[in-house]
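Every number for a ligand or one of its atoms is a count from 1 in the order of the listing.
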Amino acid sequence: LASNNSEKKSELAYKRVLLKLSGEVFKGESEDVFDGKVLMDLAKQVKEVVDLGCEVGIVIGGGNIWRFRDNEHLRLPRVTSDMMGMLATVMNALAFEAALNDLGCEARAMSALGCEAALERYSAKKAKAHLAKGRVVIFAGGTGSPFFTTDSAAALRALEIGADVLLKATKV
Ligand code: UDP
């Protein structure tokens, strides 16, 4: 099995992939923030790629729950609203981590925003170690700073983990 995997790995066009998933994709056609079927379908697709021997990092958005620009009418301070958006990405990361684990695909959610009771704090070094062990790493909390988006986080993480390609899946 080990030699099969390394054979497969050497045939891959991209060995380490950074996928940006917008929060909106978890919504599917549902009125709720999550569509359970979509969540599992996405997890299955990620598992298929991992089973080929590809290392997968995922930056997750929060748009299905909270986005600064969708809530400007509430007149919350910008930093507060952005923190809420980053927390939304943490919720999505935990849901997706659970979906992957449920399929027997090892996954670790990490957050740039401190939420240590729920998930590990992001560090590039630890993320790379997880990836090298074949675990999917889910990057939550965006960049950890307000006034940014998870697209910026995706570009940053792709560089930090030395991804061969950055892919974006979005409905927006
Ligand atoms: N956000 C932030 N800093 C970041 C990433 C995200 O403040 O580094 C906040 C921002 O308010 C944003 C929300 O989190 O609107 C959700 O992220 P994003 O809009 O990128 O999610 P997506 O549209 O990809 O689901």
Side-chain angles (χ1 to χ4, degrees), residues 14 16-47 49 56-100 107-128 130-131 136-172:
Y14 304 118
R16 185 170 280 181
V17 172
L18 193 289
L19 174 65
K20 158 70 203 292
L21 279 184
S22 279
E24 205 76 27
V25 297
F26 289 139
K27 218 174 142 57
E29 300 304 318
S30 155
E31 294 289 303
D32 297 326
V33 291
F34 290 116
D35 177 327
K37 190 176 158 345
V38 170
L39 202 62
M40 290 317 291
D41 281 350
L42 285 168
K44 274 185 202 146
Q45 290 181 53
V46 169
K47 185 180 185 303
V49 175
V56 182
I58 302 172
V59 168
I60 231 152
N64 55 325
I65 300 170
W66 189 272
R67 237 192 240 114
F68 161 73
R69 67 173 185 275
D70 296 341
N71 293 288
E72 279 181 284
H73 59 283
L74 295 174
R75 306 178 75 83
L76 293 172
R78 172 72 193 251
V79 173
T80 301
S81 187
D82 279 341
M83 288 293 170
M84 291 167 75
M86 287 186 272
L87 287 171
T89 73
V90 169
M91 292 171 71
N92 284 336
L94 290 174
F96 202 51
E97 179 190 49
L100 285 164
R108 289 283 194 284
M110 307 185 98
S111 177
L113 198 69
C115 293
E116 279 84 337
L119 74 180
E120 215 174 304
R121 187 68 179 252
Y122 168 71
S123 109
K125 215 169 162 181
K126 281 195 254 165
K128 285 199 266 190
H130 287 315
L131 289 168
V136 175
V137 177
I138 304 168
F139 300 102
T143 61
S145 300
F147 300 98
F148 284 94
T149 67
T150 51
D151 281 358
S152 314
L156 270 175
R157 299 297 175 250
L159 291 169
E160 286 168 303
I161 64 166
D164 300 315
V165 67
L166 165 56
L167 303 167
K168 185 176 169 180
T170 180
K171 277 180 74 183
V172 186

- Message: With respect to Asp82, determine whether any N or O atom, backbone or side chain, lies less than 3.5 Å from an N or O atom of ligand 1.
- Response: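 Yes: some nitrogen or oxygen of Asp82 is under 3.5 Å from one in ligand 1.
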
Which of the atoms of ligand 1 are close to [X], meaning less than 4.0 Å from one of its heavy atoms?
X      : result
Trp66  : 13 (C), 16 (C)
Thr143 : 4 (C), 8 (O)
Gly61  : 21 (O), 22 (P), 24 (O), 25 (O)
Gly63  : 21 (O), 22 (P), 25 (O)
Lys20  : 24 (O)
Ser145 : 2 (C), 3 (N), 4 (C), 7 (O), 8 (O)
Pro146 : 7 (O)

- Would you say Met84 touches ligand 1, if touching means a heavy atom closer than 4.0 Å?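 So Met84 does not count as touching ligand 1.
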
- Query: Using a heavy-atom cut-off of under 4.0 Å, does the side chain or the backbone of Ala153 touch ligand 1, or both, or neither?
  - Reply: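 It is neither; nothing of Ala153 touches ligand 1.
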
- Hey, is Met83 touching ligand 1 through its side chain, its backbone, both or neither, going by heavy atoms under 4.0 Å?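 The answer is neither; Met83 stays 4.0 Å or more away.
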
- Task: May I ask you to say whether Arg157 pairs ionically with Glu160, meaning some side-chain N is under 4.0 Å from a carboxylate O?
- Result: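 So Arg157 pairs with Glu160 through a salt bridge.
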
Nearest heavy atom to [atom] wins, so pick from [options].
atom                    : options                      : value
atom 15 (O) of ligand 1 : Phe68, Phe148, Phe147        : Phe68
atom 23 (O) of ligand 1 : Arg67, Lys27, Arg78          : Arg67
atom 13 (C) of ligand 1 : Gly85, Ala88, Ala140, Ala154 : Gly85

- State whether the side chain of Asp164 and the backbone N or O of Arg16 hold a donor-acceptor pair below 3.5 Å, judged by distance alone.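 Side chain of Asp164 to backbone of Arg16: a pair is present.
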
- Task: Please lay out, stage by stage, how Lys168 and Asp151 fare under the test salt bridge (charged side-chain N to carboxylate O under 4.0 Å, His left out).
- Result: CA-CA 9 Å; Lys168 185 176 169 180; Asp151 281 358; 2.7 Å; yes

- Decide whether Thr89 and Trp66 meet the rule of one side-chain donor and one side-chain acceptor closer than 3.5 Å.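 Their side chains do not contain a donor-acceptor pair, so the 3.5 Å distance test is not met.
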
- Message: If you take the centroid of each ring, where Trp contributes its six-membered ring, are Phe68 and Phe147 closer together than 6.0 Å?
- Response: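 Ring-ring flag for Phe147/Phe68: false, centres at least 6.0 Å apart.
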
- Are there more than 12 heavy atoms of other residues, nucleotides or ligands under 6.0 Å from atom CE of Met91?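 No, not enclosed.
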
- Task: Start with the C-alpha gap between Lys37 and Glu29, add the side-chain angles, then the distance that decides, and say whether salt bridge (charged side-chain N to carboxylate O under 4.0 Å, His left out) holds.
- Result: CA-CA 10 Å; Lys37 190 176 158 345; Glu29 300 304 318; over 6 Å; no

- Item | Close side-chain approach of Cys115 to Leu87, heavy-atom, < 4.5 Å |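 They are in side-chain contact.
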
- Going through the checks in order, is the salt bridge (charged side-chain N to carboxylate O under 4.0 Å, His left out) test met by Glu97 and Arg108? CA-CA 6 Å; Glu97 179 190 49; Arg108 289 283 194 284; over 6 Å; no

